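One structure is given here, and the rest of the page talks about it.
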Amino acid sequence: MAKQLIKGNEAVVYGALLGGATHFFGYPITPASEIAHAAAEYFVSTGRCFLQAEDEVNAINMLYGAASAGGRVMTASSGPGIALMSEGLSYLAGAELPAVVVDVQRAGPGLGNIWPEQADYNMVVKGGGHGNYRNIVLAPFSAQEMCDFAYRAFELAERYRMTVFILADAYIGQIMEAVEVPTKVHHSPRKEWALYADRESRHNLITSILMNTELLYHHNKKLQEKYAKVERELVEWEEYDTEDADFLFVAYGISARISLSVVRELRRLNQKAGLLRPKTLYPFPSARIAELSRQVRQIAVVELSNGQMAADVELAARRSVLKYNWMGGKVPSIQEVLELAKEDMKQTTTVRG
Amino acid sequence: MVKHAKPKTFYDTFERRGPGEKNTTYCPGCGHGNAHKLIAEVIAELGIQDRVIFCSPVGCSVFAYYYFDTGNVQCSHGRAPAVATGLSRARDNAIVISYQGDGDLAGIGMGAIMHAANRGEHMAVFFINNAIYGMTGGQMAPTTLIGQKTTTTPFGRSPGREGFPIRMCELINELQAPVYIERVSLGDAARIMRAKRAVKQALLNQVNKKGFSFVELLSPCPINWKMTPIEARKWLIDTMEPLFPVKVFRNIEEPPVKYEPPKVLSDAELVNHFAATTEIEIPVSPREVEDQYIKIAGFGGQGVMSAGVFLANCAIKEGFNATWLPSYGPEMRGGTANASVIISNNQIGTPLVSSPNVLIAMNAPSLDTFEETVVSSGLVIVNSSLVSRKLRREDVRAIYAPVTEIAKDVGLIAAASVVALTLYACISGAVQIETIKKVIPLSLKKKALVDVNLKAVEAAVEYYQKNIKEAYSYTSVK
């Protein structure tokens, strides 16, 4: 199948529909609006449901309703909108409903601006709403992965009955690249727990309220066991030039693309640099980072935030890491990162893990 | 003959509440019991039990799923109409009920209910108005009466402090889409019978796919009103009903919007929908090019964004990797809009071009902004139709070409960016002129535009051969 030049924000809709998406409920926000535009066109023209909700609070609850009825549901937003969805995300987790949410990160806090940042990491990767819950978080770094991850996300969401986030950023949403679009359509199988408005499903109940402390305790235990299973089964990452690396970059999304360019430059300069990019942020590739931590002299986390993922890298590596942080929508050039790395490589005192 | 048996829509025992449990969670004299029973009876009478999905709210009726032997979804506070929207849009055959109290519906959930009503969602809404928050301990509701004492209005509701009671039927009656709006009362037996007719109408409307139906039930809350059940019913009739008139606000025979199920594409049609459109033959052997880091900049309307997309398209058709990234946002409204395009034989790292080796400057502000960013010995194509000055640097290769005039001569100023790209292709060899000609018809829908753009390509090639090819070589640094 020939490749097409597609924007990340559009590729995610292609992937979703071929992955069996049935419903898109959303509210406009830059820089995620293009997803709503594409969804409005393609969900409707293919006979699926697109609905512009009155706000994000109700959009996520529409997902809750359609997911209860066995639909493959999705929405897309950016930080301020995802924050408004936090309540609904917690209910989805409590009721164990499958859903797919795309977050095209912009800069914050508050209204911030529409340029890329990766500062929704804590909100999305750690849960965001109230209660002991997690979301599966996929981190695309290309238009192809916007398509591929959306294509897979619904099956993952249903397998674990969880929300799957596609955590992108303004640049991964805006980028146009060659994309190979899947040629097979996935469908949701009938689910024993969902409501189909028929006799077989009549006794099903979708709820997140368990008034009895004993019951809610066990529900929470069950959720934690599920998350542990996700951590065993789902973690994914990609490595570049790590075999002999003594300087390791860790980055995701647009930062991983920049870091890849930097690693190539450093290799040209005969520096043993490598890159690990998590493709899943939850579950996090902690074990592999711990391994590499024993091999490399230094670890640098390149991030468009105040070091939110770096904290997880430090936990995994059990040592301090270099934090190359940009905020406010500023995105570094190859040169800027290169200069920092070259300077830090001169240090020889970094403690090994 | 009136039968006083438990409707079969209720579970025999409420196991979700506790083993063998037969009692509800409702207080003596509470109207929820009446309302539940009316709904359960009508569901049984209409024979729709299997098709009902009941959305319970947050409030005293949070546990409605203990009792109703139907499909059940428990919703977050105020969002039941949104959840019901999702359900209704996912299951054509479902009879969706959204059951809500006054705090849930008219307080926290005001946005959800108004918009569900305005969209004419297929659902029956049963709104229990008892002028108070029950479950959380008798606080003021949006429907609390003036002077009414609650735990958060200990001196009585004051309009100067808390505003006036909200009348929901009247509000919803301002909207076009709802087919049925009625307020009923649970004040006495006759009123309850009238209420049952309203419940039936709302559910029948769902069976007949007529649309959004809203029934407000004025309901007693003796515990929080601090009255006996008998006093409460009297107060409901004497005090609440004058403020909340019991009547049919709307009952439309023909719904304003007729329901039509969507036409769902088959798998093959869906795959086809997203398949690469027209395939073209590009007679090109794989070849190595130096990585091209291109910045195309101009003012909005010069088509620099689409020119970048076009160039990236040509590159991937030739089998290269390519990325396009726009500069967007406020910057676009100023003097310069720009796109970053990278063409490479290898996997592309960052798509951001901060140090271009190719700059196409379509206007003066663009040259001012980006001249200094170009790498040494990079290529700069300047639109001399709009830029009068020469480059300040001497370490880059500069080409001055009147691309706007060339475009104007073929009859379309907007083709200026195609002229510039063609010149770039001629000079760099990164993409072939044949490819440009083949991709143009794929990128433009209007035949007339295709022709004039192809003419622009020809004109640009001609200009290149006359004015650039001879004079220009990679060593002739200007």
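Keep in mind it's a predicted model, so treat the numbers as computed, not measured. Throughout, a chain's letter reflects where its sequence line sits, starting with A, and its residues are numbered from 1.
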Interface check, chain A: of His273(B), His77(B), Met114(B), most non-hydrogen pairs under 4.5 Å belong to His273(B)
Top contributor to chain B interface from Asn58(A), Val57(A), Val263(A) [non-hydrogen pairs under 4.5 Å]
Asn58(A)
Region of Thr22(A) in contact with chain B, defined by heavy-atom distances below 4.5 Å
neither
If I take atom OG1 from residue Thr350(B) and atom CZ from residue Arg264(A), how far apart are they, to the nearest 0.5 angstrom?
11.5 Å
Do the charged groups of Glu145(A) and Arg257(A) touch, with an N to O distance under 4.0 Å?
no
For side chain to side chain contact (heavy atoms under 4.5 Å, CB included), just list the numbers for Thr9(B) and Tyr67(B), CA-CA rounded to whole Å, side-chain angles, deciding distance to a tenth of an Å, and then say yes or no.
CA-CA 8 Å; Thr9(B) 317; Tyr67(B) 319 119; over 6 Å; no
For the candidates Ala94(B), Ala112(B), Ala80(B), which exhibits the highest count of non-hydrogen atom pairs separated by less than 4.5 Å from chain A?
Ala112(B)
Proximal component of Tyr65(B), with respect to chain A [non-hydrogen, under 4.5 Å]:
side chain
Which answer fits Gln335(A), side chain, backbone, both or neither, if we ask what part of it has an atom under 4.5 Å from a heavy atom of chain B?
neither
Would you call the rings of Phe63(B) and Tyr66(B) parallel, tilted or perpendicular, taking 30° and 60° as the class edges?
parallel
Contact origin within Phe68(B) toward chain A - heavy atom pairs under 4.5 Å:
neither
Check each atom of Ser45(A) against the heavy atoms of chain B and say whether the ones under 4.5 Å are side chain, backbone, both or neither.
both
For chain A, which candidate among Arg91(B), Arg51(B), Gln74(B) shows the most heavy-atom pairs at distances under 4.5 Å?
Arg91(B)
Would you call the rings of Tyr11(B) and His203(A) parallel, tilted or perpendicular, where under 30° means parallel and over 60° means perpendicular?
tilted
What residue in Asn272(B), Thr70(B), Ile53(B) has the most heavy-atom pairs under 4.5 Å with chain A?
Thr70(B)
Out of Asn313(B), Val96(B), Asn118(B), return the one with the most heavy atom pairs under 4.5 angstrom to chain A.
Asn313(B)
Taking side chain as everything from C-beta outward and backbone as N, CA, C, O, which of these in Ala84(B) sits under 4.5 Å from a heavy atom of chain A? Side chain, backbone, both or neither.
neither
Turns out that what part of Tyr240(A) lies under 4.5 Å from chain B's heavy atoms comes down to side chain
Side chain, backbone, both or neither: which part of Phe141(A) has a heavy atom under 4.5 Å from chain B?
side chain
Checking heavy atoms, do the side chain of His23(A), its backbone, both or neither come under 4.5 Å from chain B?
side chain
Check each atom of Asn204(A) against the heavy atoms of chain B and say whether the ones under 4.5 Å are side chain, backbone, both or neither.
backbone
In terms of heavy-atom pairs under 4.5 Å, which option from Ile334(A), Asn212(A), Asp198(A) contacts chain B the most?
Asp198(A)
Glu269(B), part contacting chain A, at a heavy-atom distance under 4.5 Å:
neither
Looking only at heavy atoms, the pair that brings Ala275(B) and Gln4(A) closest together is C-NE2, 3.5 Å
So, the part of Thr85(B) with a heavy atom under 4.5 Å from chain A: the answer is side chain
Should the heavy atoms of other residues, nucleotides or ligands under 6.0 Å from CZ of Arg199(A) be counted, would the total exceed 12?
no
Can you tell me how far apart NE2 (His219(A)) and CD1 (Ile209(A)) are? Round to the nearest 0.5 Å.
11.5 Å
Could you check which of Leu195(A), Val44(A), Ile6(A), Leu260(A) has the highest count of heavy-atom pairs closer than 4.5 Å to chain B?
Leu195(A)
Part of Lys7(A) lying under 4.5 Å from any heavy atom of chain B
side chain
Going from CE on Met62(A) to NE2 on His115(B), what distance comes out if it is rounded to the nearest 0.5 angstrom?
9.0 Å
Go through the atoms of Arg48(A) and report whether side chain, backbone, both or neither lie under 4.5 Å from a heavy atom of chain B.
side chain
Under the salt bridge (charged side-chain N to carboxylate O under 4.0 Å, His left out) criterion, do Glu177(A) and Lys3(A) qualify, and how do the steps go?
CA-CA 9 Å; Glu177(A) 292 182 287; Lys3(A) 291 187 173 187; over 6 Å; no
Chain A contact via Ile348(B) - side chain, backbone, both or neither, heavy atoms under 4.5 Å
both
Validation row: Leu304(A), Pro332(A) side chains within 4.5 angstrom (heavy atoms):
yes
Whatever's closer than 4.5 Å to a heavy atom in chain A on Val309(B) counts as both
